[in-house]
Amino acid sequence: MDNLQKRIGYRFSKVKILEEALTHRSAAHQRSSGRGRRQAKGAGSNERLEFIGDRVLGLLMAELLLERYPDEQEGALGSRHAHLVSRNALATVAEDVGLPEALDVAEHEDRAGIRGTANVLADALEAVLGALYLDGGLDPARKLVRQWWGSAIIAQAKPPKDPKTALQEWVLGRGLALPVYETVSADGPSHAPCFVIAVHAAGMVGEGEAGSKRAAESAAAANLLMRFNAAPGAGRK
């Protein structure tokens, strides 16, 4: 945690809150089971901090985009915002700041490679931002959002197109049927639901996972578009 605080450039006054932000559900469950105590699902993990960190990130990213693009309207700003707070974008930032090494996960999950998965890294990054906000307020959280996402924002010369829209245009441009979305699963606690959505188009399937159905659909569409790019012949007339 000392190394992580140095990379962040912020020293927590309440170190316990940073420990919580870095604790995956599996590690919290492993510890409670070892003590013979039964706890509520997710208790002691970073899920509560992820809940508030998600809101902190959303607010600060919206503030930053309004400043940087004073002439853009809601549609373009919303597209930029959705891309910058997506699971993949968060996971990339998390890797850059060294979160994988700092995470506390159960041994069996560690062996399975869970600390390197996009969902776990994205959740942990949001939890760290939530912990930072609770420990120091908006100012240090704002500083890190601007620092960590700076290059990604600069790289957005134009607002990125929503993956669902891009996928629809892709199939229509080839005279194919519209994409069909289906809910594979919907579980998780009420404060941190998890949706898995599959999308079918051009004889192929993409899958996405997120905390809302809409975001999971976008992730599925993005996944399918990536598969089309990897298979140039897919979907041709």
Side-chain angles (χ1 to χ4, degrees), residues 4 7-8 21-28 42 45-58 61 79-106 108-131 144-145 148-153 155-156 160-164 166-167 181 183-189 191-199 204-230:
L4 180 61
R7 286 194 292 269
I8 290 175
L22 298 172
T23 302
H24 184 255
R25 171 194 291 213
S26 63
S45 74
N46 59 11
E47 291 178 358
R48 283 173 56 85
L49 291 173
E50 175 206 341
F51 170 75
I52 190 169
D54 174 68
R55 277 69 182 174
V56 170
L57 175 60
M61 187 61 69
S79 180
R80 291 185 188 277
H81 190 283
H83 175 76
L84 291 165
V85 301
S86 67
R87 298 277 108 179
N88 288 339
L90 266 65
T92 298
V93 172
E95 289 176 350
D96 290 343
V97 299
L99 271 189
E101 296 80 10
L103 285 179
D104 182 11
V105 301
H108 67 284
E109 294 284 21
D110 196 11
R111 290 193 297 270
I114 194 172
R115 71 171 65 242
T117 61
N119 282 336
V120 168
L121 289 176
D123 291 346
L125 182 63
E126 289 178 337
V128 168
L129 284 172
L144 286 189
V145 167
W148 290 348
W149 273 266
S151 59
I153 292 174
Q156 279 191 355
K161 189 172 290 186
D162 174 73
K164 291 182 67 175
L167 178 59
Y181 294 86
T183 302
V184 177
S185 65
D187 52 26
H191 71 275
C194 179
F195 293 87
V196 177
I197 302 291
V199 59
M204 297 179 70
V205 182
E207 194 168 282
E209 179 179 336
S212 71
K213 189 172 181 180
R214 181 177 179 181
E217 288 177 347
S218 291
N223 177 254
L224 187 51
L225 285 168
M226 287 174 57
R227 296 193 63 197
F228 287 152
N229 290 334

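Position 1 is the first residue of the sequence, and the numbers go up from there.
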Would you say that L90 contacts L57 through its side chain, given a criterion of any heavy-atom pair below 4.5 Å between the two side chains? yes

Using modelled atom types only, decide if a donor and an acceptor are shared between the side chain of R115 and the backbone of D110 within a distance under 3.5 Å. no

Short side-chain to backbone donor-acceptor contact, W149 and M61, under 3.5 Å: no

Closest non-hydrogen contact found for C194 with E209 is SG-OE2, 3.0 Å

Between the CG atom in L167 and the CG atom in N223, the distance rounded to the nearest 0.5 Å is 10.5 Å

The reported gap from CD in E95 to CG in L125 (rounded to nearest 0.5 angstrom) is 11.0 Å

Correct closest heavy-atom pair for S45 and A28 would be N-CB, 3.8 Å

Rounding to 0.5 Å, atoms CE (M204) and CG (L225) come to a distance of 10.5 Å

Value for CD (E50) from CZ (R55), rounded to nearest 0.5 Å, stands at 9.0 Å

Quiz prompt | Exceeds 12 heavy-atom contacts within 6.0 angstrom, atom CZ of R7 | solution = yes

From the list E109, R25, H24, side-chain contact (heavy atoms from CB on, under 4.5 Å) partner of V120 resolves to H24

Pair L99-L4, side-chain contact (heavy atoms from CB on, under 4.5 Å): steps then yes or no: CA-CA 7 Å; L99 271 189; L4 180 61; 3.8 Å; yes

Scanning both residues in full, the closest heavy-atom pair of L49 with A21 reads CD1-N, 3.6 Å

side-chain contact (heavy atoms from CB on, under 4.5 Å) for I8 and V128? Distances and angles first, verdict last. CA-CA 10 Å; I8 290 175; V128 168; 4.0 Å; yes

Less than 4.5 Å apart, side chain to side chain, heavy atoms only: is that true for N46 and L22? no

Rounded to the nearest 0.5 Å, the CG atom of D104 sits from the OG1 atom of T23 at a distance of 4.5 Å

**Study point:** Test log, rule salt bridge (Lys or Arg N to Asp or Glu O under 4.0 Å), inputs R87 and E126
**Key:** CA-CA 10 Å; R87 298 277 108 179; E126 289 178 337; 3.3 Å; yes

*Under the side-chain contact (heavy atoms from CB on, under 4.5 Å) rule, what do I197 and E217 come out as? Steps first, then yes or no, please.*
CA-CA 6 Å; I197 302 291; E217 288 177 347; 3.8 Å; yes

One should read off an interatomic distance between I153 CD1 and H81 NE2, to the nearest 0.5 angstrom, of 10.0 Å

Closest heavy-atom pair, K213 versus F195, reported as atoms and distance to 0.1 Å, is N-CD1, 3.6 Å

Correct closest heavy-atom pair for S26 and A106 would be OG-N, 3.0 Å

Shortest non-hydrogen pair, P163 vs A222, comes out as CB-N, 3.7 Å

